[in-house]
Peer 1: 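Okay, handing you the structure first.
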2 protein chains.
Amino acid sequence: MAKYERIADDLRQKILSGELAPGARMSAETSLTEQYKVSLPTMRQALGVLRAEGLIESHHGIGTFVRKPRQKIRRTTDRYQWEKDRVRLSDGKRAATGATERDTGLKFNDLEFYAKYDAIEADDDLAQVFNVPHGTKMLRRLYRTRTKSENSPLSLIYSYLVYDVVKANPELLDEENEPWPGGTQHQLYTLGIELDRIVDEISTRPPTPDEVEQLDLTQGIAVFNLRKISIDTGDRVVEVSNVILPGDRTEFVYMTKLKRWDA
Amino acid sequence: MAKYERIADDLRQKILSGELAPGARMSAETSLTEQYKVSLPTMRQALGVLRAEGLIESHHGIGTFVRKPRQKIRRTTDRYQWEKDRVRLSDGKRAATGATERDTGLKFNDLEFYAKYDAIEADDDLAQVFNVPHGTKMLRRLYRTRTKSENSPLSLIYSYLVYDVVKANPELLDEENEPWPGGTQHQLYTLGIELDRIVDEISTRPPTPDEVEQLDLTQGIAVFNLRKISIDTGDRVVEVSNVILPGDRTEFVYMTKLKRWDA
DNA sequence: GAGTGGTCTAGACCACTGT
DNA sequence: CAGTGGTCTAGACCACTCC
């Protein structure tokens with residue numbers, strides 16, 4: 001077994017056993033090289049292994065620390081029905097709280113919303129999902145929600161709608177109207193659209209360099225890619241969202257109710 | 001910007017643009033050091049970045065290759081109802097095909113099953129999920145399914161049942177009876193248990209060194225951790241599975257049907 | 001300024017694969 | 001055997017953070 005693996009194993013065991021507690025500062029790299037009697041690059045390779053496993057994180061000029069488990073965001077299956085039930089409530093009640101607050105347990109005032117709209121032409125992928133011709137004009141909406149306290153972004157959302165459908169209500173074309181009380185389901189409601197079902201496709205992949213920066217990830221932490229497809233009562237795809245969620249903070253919970261056997 | 005980042009950016013662009021096609025063999029490291037006029041460790045650092053992004057993979061003694069996108073396993077929401085519907089079919093029909101074949105599109109004969117049973121005492125986590133005392137005797141079942149063609153494992157499954165519940169049917173205590181036609185839902189049926197609902201909790205994390213080996217992953221590829229909780233018609237937790245799935249091959253699809261607004 | 005992690009080098013040797 | 005990637009060293013310099 002390689003030296004760096006032995007060192008990584010040793011340090012991993014110390015972390016998992018609690019000898020090195022979450023949040024604890026580790027010895028400096030130069031000091032560790034003396035302890036383990038190896039060269040600096042070898043020591044750094046060992047630490048790189050633990051970093052990729054999400055066990056430690058290093059901060060330039062400060063030190064290397066044992067990583068604390070992060071607060072999970074639970075995204076549950078009943079979220080969508082909850083949103084639908086709220087669509088026809090009064091404006092005030094809808095504005096009081098949103099789905100993000102529900103997932104995180106945070107308050108409206110803890111969060112900072114950012115939205116940006118633009119128009120694009122449907123690429124092959126979008127054209128296929130929406131079942132519209134390639135090049136169809138689409139409204140693309142970009143959302144970012146950050147917590148004020150930690151200044152940590154919760155997700156990156158890219159939402160797509162067919163432009164000609166949306167323009168029936170010009171208020172929906174203006175990003176200044178975000179955050180919209182009641183969210184997308186209420187926005188669609190103003191167009192006379194009722195949702196029949198929502199399909200979630202969940203995959204995971206390594207983050208792009210851009211996402212590492214935007215979501216404040218450390219090396220080795222994957223992202224969830226959630227594609228959410230909303231289908232209306234006429235079996236038409238009316239909205240598609242790509243939601244990028246940090247893998248270390250997110251948990252999905254889906255409940256499948258089964259039919260009873262006939263008596 | 002650091003040298004290794006410039007090199008990684010350059011190679012990444014070549015891969016994404018298709019100049020380096022999927023499956024293509026890259027120049028040897030020593031050759032790349034000459035091209036980019038850097039030292040070997042720096043070159044290796046650049047390649048390490050791309051490896052962590054899942055774009056390339058290296059094989060000792062052979063070379064470094066552009067990674068091909070892998071065939072996805074789709075795990076859909078209607079899988080559980082499909083399993084339940086099959087529980088009361090004849091033995092022959094149940095034996096003909098299983099849920100794994102359904103997810104992957106493979107045939108029974110393409111797959112190699114492995115099961116190992118043992119008895120353990122419930123730790124805090126299991127005791128809480130099952131709502132039984134700490135230390136309760138549990139049947140732990142370990143499953144591995146591999147494709148014969150690729151010899152690539154599809155998942156690692158750890159399934160837990162309360163021992164005293166299972167022992168009513170001694171056949172369920174013997175791993176030699178696996179693969180059991182109709183799977184866990186049919187096994188529970190022989191105990192007189194009918195499932196009411198199944199809750200899936202999905203999270204993602206970096207693989208442990210053991211999982212990297214078992215699932216044939218490369219550095220930087222996360223795993224899905226699916227905790228599947230089966231609840232019977234008496235609101236009792238009857239089975240819990242932890243399923244470890246390779247992040248680069250798996251996609252979850254969940255459909256949420258919404259109630260209609262009152263007319 | 002002192003201490004930390006981040007980058008980089010030139011060169012050595014080893015381990016694995018295929019011929 | 002030749003060619004490949006994997007490991008390791010000793011030492012240098014830089015960039016960042018805190019005091």
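Since the structure is predicted, the reported quantities are computational estimates derived from the model, not experimental observations. Lettering of chains follows the sequences in order, A, B, ..., and the numbering in each one begins at 1.
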Peer 1: Think B:Y4 has a side-chain N or O under 4.0 angstrom from the OP1 or OP2 of C:dC8?
Peer 2: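 Looking at the OP1 and OP2 atoms of C:dC8, neither is under 4.0 Å from any side-chain N or O of B:Y4.
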Peer 1: If you assign each of B:R25 and A:I62 to its closest nucleotide in DNA chain D, which residue comes earlier from the 5' end?
Peer 2: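 So the residue in question is B:R25.
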Peer 1: Give a yes/no answer on whether the side chain of A:R44 brings an N or O atom under 4.0 Å of OP1 or OP2 in C:dG6.
Peer 2: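 It does, given that an N or O in the side chain of A:R44 lies less than 4.0 Å from OP1 or OP2 of C:dG6.
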Peer 1: For the side chain of A:K3, counting heavy atoms from C-beta on, which of D:dG6, C:dG6, D:dT9 is nearest?
Peer 2: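 Given the options D:dG6, C:dG6, D:dT9, the side chain of A:K3 is closest to D:dT9.
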Peer 1: Establish, from distance only, whether the side-chain atoms of A:T33 and A:T30 form a donor-acceptor pair under 3.5 Å.
Peer 2: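 No, no side-chain donor-acceptor pair sits under 3.5 Å.
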Peer 1: Side-chain N or O of A:T42 less than 4.0 angstrom from OP1 or OP2 on D:dT7?
Peer 2: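 Answer no for this pair, as no side-chain N or O of A:T42 is under 4.0 Å from OP1 or OP2.
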Peer 1: With a 6.0 Å cut-off on ring centres, are A:Y254 and B:F252 close enough?
Peer 2: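 Ring-ring flag for A:Y254/B:F252: false, centres at least 6.0 Å apart.
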Peer 1: Could you state the atom-to-atom distance from CD of B:E29 to P of D:dG3 in whole Å?
Peer 2: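 So the CD-P distance, B:E29 to D:dG3, works out to 16 Å.
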Peer 1: Find which nucleotide of DNA chain C each of B:H60 and A:H59 is nearest to by heavy atoms, and output the residue with the more 5' nucleotide.
Peer 2: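 Closest to the 5' end, via its nearest nucleotide, is A:H59.
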Peer 1: Once you round to the nearest 0.5 Å, how far does OH of A:Y143 lie from OG of A:S155?
Peer 2: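 Answer for the OH-OG pair, A:Y143 versus A:S155, is 11.5 Å.
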Peer 1: If you measure from CG on B:L20 to CZ on B:F65, what distance do you get to the nearest 0.5 Å?
Peer 2: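 So the CG of B:L20 and the CZ of B:F65 are separated by 12.5 Å.
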Peer 1: Under 4.0 Å between a side-chain N or O of B:T64 and OP1 or OP2 of D:dG5?
Peer 2: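 So the side chain of B:T64 is within the cut-off, an N or O lying under 4.0 Å from OP1 or OP2 of D:dG5.
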